[in-house]
Amino acid sequence: MIETTIRNHAAQAINVLYSANVAPEHVIIQKTRKDFEGDFTINIFPFLKVSREKPDVTAEKIGNYLLEQIPELEDFNIIKGFLNIVVGNLFWTGFLSENYGNRQYGKQEKTAGRPVVIEYSSPNTNKPLHLGHVRNNLIGWSVAKILEANGNDVVKVNLVNDRGIHICKSMLAWEKWFMDASPDNTNIKGDKLVGECYVRFDQELKKEVAVLVADGMNKDDAEKNTPLMAAAQEMLQKWENNDPSVRELWKTMNAWVYQGFDVTYDRLGIYFDKIYYESDTFLIGKEIVREGLKMGILFKKEDGSIWAGLSGEGLDEKLLLRADGTSVYMTQDIGTAQLRYDEYHPVKLLYVVGNEQNYHFDVLKIILSMLGRKWAKDIVHVSYGMVELPHGKMKSREGTVVDADELMDNMYQTAESMAVELGKADELNKDEASQLFEMISLGALKYFILRVDPKKNMLFNPEESIDFNGNTGPFIQYTHARIHSLLKKAKSRGLKLYDGVFNGDVHPKEKEVIKLLYSYPEVIKDAAAQYSPSIVAAFVYDLAKEYNQFYQEISILREEDTDKAAFRLSLSHFTASVISSAMELLGIHVPEKM
RNA sequence: GGUCGCGUAGCUCAGUUGGAUAGAGCAGCAGCCUUCUAAGCUGCCGGUCGCAGGUUCGAAUCCUGCCGCGAUCACCA
């Protein structure tokens, strides 16, 4: 990194010129803003204390020192205490010639060692996947890709909540009102069918509650005392007792759900290395809790329930085992965390889970370290914000939940009609066209969601999400397709990429693009350190935008100087390659034609 | 009420460990296709960075208070 070189020498300059010690990491260096001449800028205000000179004088001295010491530097200028450094063109063209053919550019070599385990998706089996899950899945997938590019070995896992009272509600509803209905004979997607059962249960439950309330019972009591609720509870008991017929129905209905989920995951382009089922793992936290009790770390109340006291952390008490010995969510997470640790000995345990669970994960980490698990500090809650709709939050009761499958269908249709309108589909056969529409619509959706910082709540406006102009996925895809078409034409005319280091004039627009390409490895590192796909999204948009300006302003195939033309082709080729690489990190494919 | 988070252009979002004149897109207005894909490019319009203090050579960024919005504080997951 040339920045590092500059940084080190700048620190050295202070040392030599003013005999003061400045650590290289305290040198503030950044890209020069576009309105000034230069590539990198050093802010020299911090050095004035030791130089005891006017800003421009110190800047001048440091500038001269750097120019002497670093052969790649060409010039510098000083504006209001900012030292703008110009790196010579040969440095940039040399960088280009060395890297443009490298498909792996920007990515770190995989380091052998302990993996990162990342959990995402984590659906319940009583409802189809919706927009909230989509954000979760996209973030999880992209963070996994980014970490891989950063040299980590990554294990992608999913923990499916396949047991509990909610599934019993669906099962009960199926027995009562959907008997004999199956995905095959109704032609309804499995997860949707089970979701319908769940909704029906809720509706019928409301009716029963209304009757009880009319008889004078208060609402809270009524909700607990309906015949339906009692039946669901009873079914859960039977499930826990391994009742064969209940288990059979449970297996059948869950299998329907998984078939449905698979379709959705598949279309989203998402998969897992390992899927855990809560029905297999929900018991394993108990033993750890009992040990903690024995060791005196946890305590028992008179009713027999077991708790963690967190007052030392400024928090309250947390229940871990009920009086009847059954476990709660926290207990299960303690167990699955231990399970994962034992299986993989990961360097990090990531959980992509909504920010409404921030407190839960804080407590989980605290309890695990109380229990002596040193790896508790390696648990990272990749917390993401809610997706809101223009009318407010999604509410299943008000039917404002945006279904993942329908969302993708709608995006597809928009992509199709837009393409037809623009005449883009004319030369494509049916298969090619549908593949392209799928790629573009998913690109739009994924980019729309991933460009927002995960930590923040975001607004999902359906109209904006299907926009294909401006800061969007299709804009970037288009730029890639455009370059590809250019390269194809160049090839057919027998033009070659530049061989060696180009030594001619470099246009400012060309240099801008090269500088962006140069920063890609840092972008990946940053995104990995912050678990943030939005950093990659911002970068790739910048790159596409900058390239388009170059493309529009400077002709390539009509350039008569063949060296220049070849140089621009190399630059274009490299840009396309990095666009494709960065988009892959977001889980987005790019077309060669559109 | 306690804790945590958020508040930047009409709308959606960027804004690096505090640095130059706070940036994009959308929307609106005006232009650019006989020349490499116009899903593109150029220009204009648009800001009291919620408010008030403080720290600093310098604050959208750090601290304090206030206002507004959200999440959470379950023997739910």
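So that the names make sense, note that chain A is the first sequence line, chain B the second, and so on, each numbered from 1.
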Selection: residues 320-331 of chain A, any non-hydrogen atom under 4.0 Å of RNA chain B: A:Arg322, A:Val328, A:Tyr329
Results of salt bridge (charged side-chain N to carboxylate O under 4.0 Å, His left out) for A:Asp333 - residues two or more places apart only: none
Per-nucleotide protein contact string for nucleotides 30-36 of chain B (B base, S sugar-phosphate only, - none; heavy atom under 4.0 Å): -----BB
Please write out the pairs of protein N or O atoms and N or O atoms of nucleotides 21-23 of chain B separated by less than 3.5 Å, giving the distance to one decimal.
| unit_1 | atom_1 | unit_2 | atom_2 | d |
| --- | --- | --- | --- | --- |
| B:U21 | OP1 | A:Lys80 | NZ | 2.9 |
| B:G23 | OP1 | A:Arg33 | NH2 | 2.7 |

Summary of side chain to side chain donor-acceptor pair (under 3.5 Å) pairs that have at least one residue in residues 460-471 of chain A, sequence neighbours excluded: A:Tyr447-A:Asn471
Dot-bracket pairing map - RNA chain B, Watson-Crick plus G-U, both contacts under 3.5 Å, | cross-strand: (((((((..((((.....[...)))).(((((.......))))).....(((((..]....))))))))))))....
Counterpart residues, side-chain contact (heavy atoms from CB on, under 4.5 Å), relative to A:Thr326 (two or more places apart): A:Arg322, A:Asp324
Under 4.0 Å protein heavy-atom contact, by nucleotide of nucleotides 8-17 of chain B - B base, S sugar-phosphate only: ---SBSS---
Those residues that, when tested against A:Asp316, pass side-chain contact (heavy atoms from CB on, under 4.5 Å) (two or more places apart): none
Residue list, salt bridge (charged side-chain N to carboxylate O under 4.0 Å, His left out) with A:Lys301, at least two apart or on another chain: A:Glu317
Enumerate, atom names and distances included, each donor-acceptor pair closer than 3.5 Å involving a side-chain atom of residues 532-550 of chain A, sequence neighbours excluded.
| unit_1 | atom_1 | unit_2 | atom_2 | d |
| --- | --- | --- | --- | --- |
| A:Ser532 | OG | A:Ser534 | OG | 2.9 |
| A:Glu546 | OE1 | A:Lys34 | NZ | 3.0 |
| A:Tyr547 | OH | A:Ser572 | OG | 2.8 |
| A:Asn548 | OD1 | A:Arg482 | NH1 | 2.6 |
| A:Asn548 | ND2 | A:Thr479 | OG1 | 3.0 |
| A:Asn548 | ND2 | A:Ala544 | O | 3.3 |
| A:Gln549 | OE1 | A:Lys509 | NZ | 2.8 |

With sequence neighbours excluded, residues passing side chain to side chain donor-acceptor pair (under 3.5 Å) with A:Ser305: A:Asp303, A:Trp307
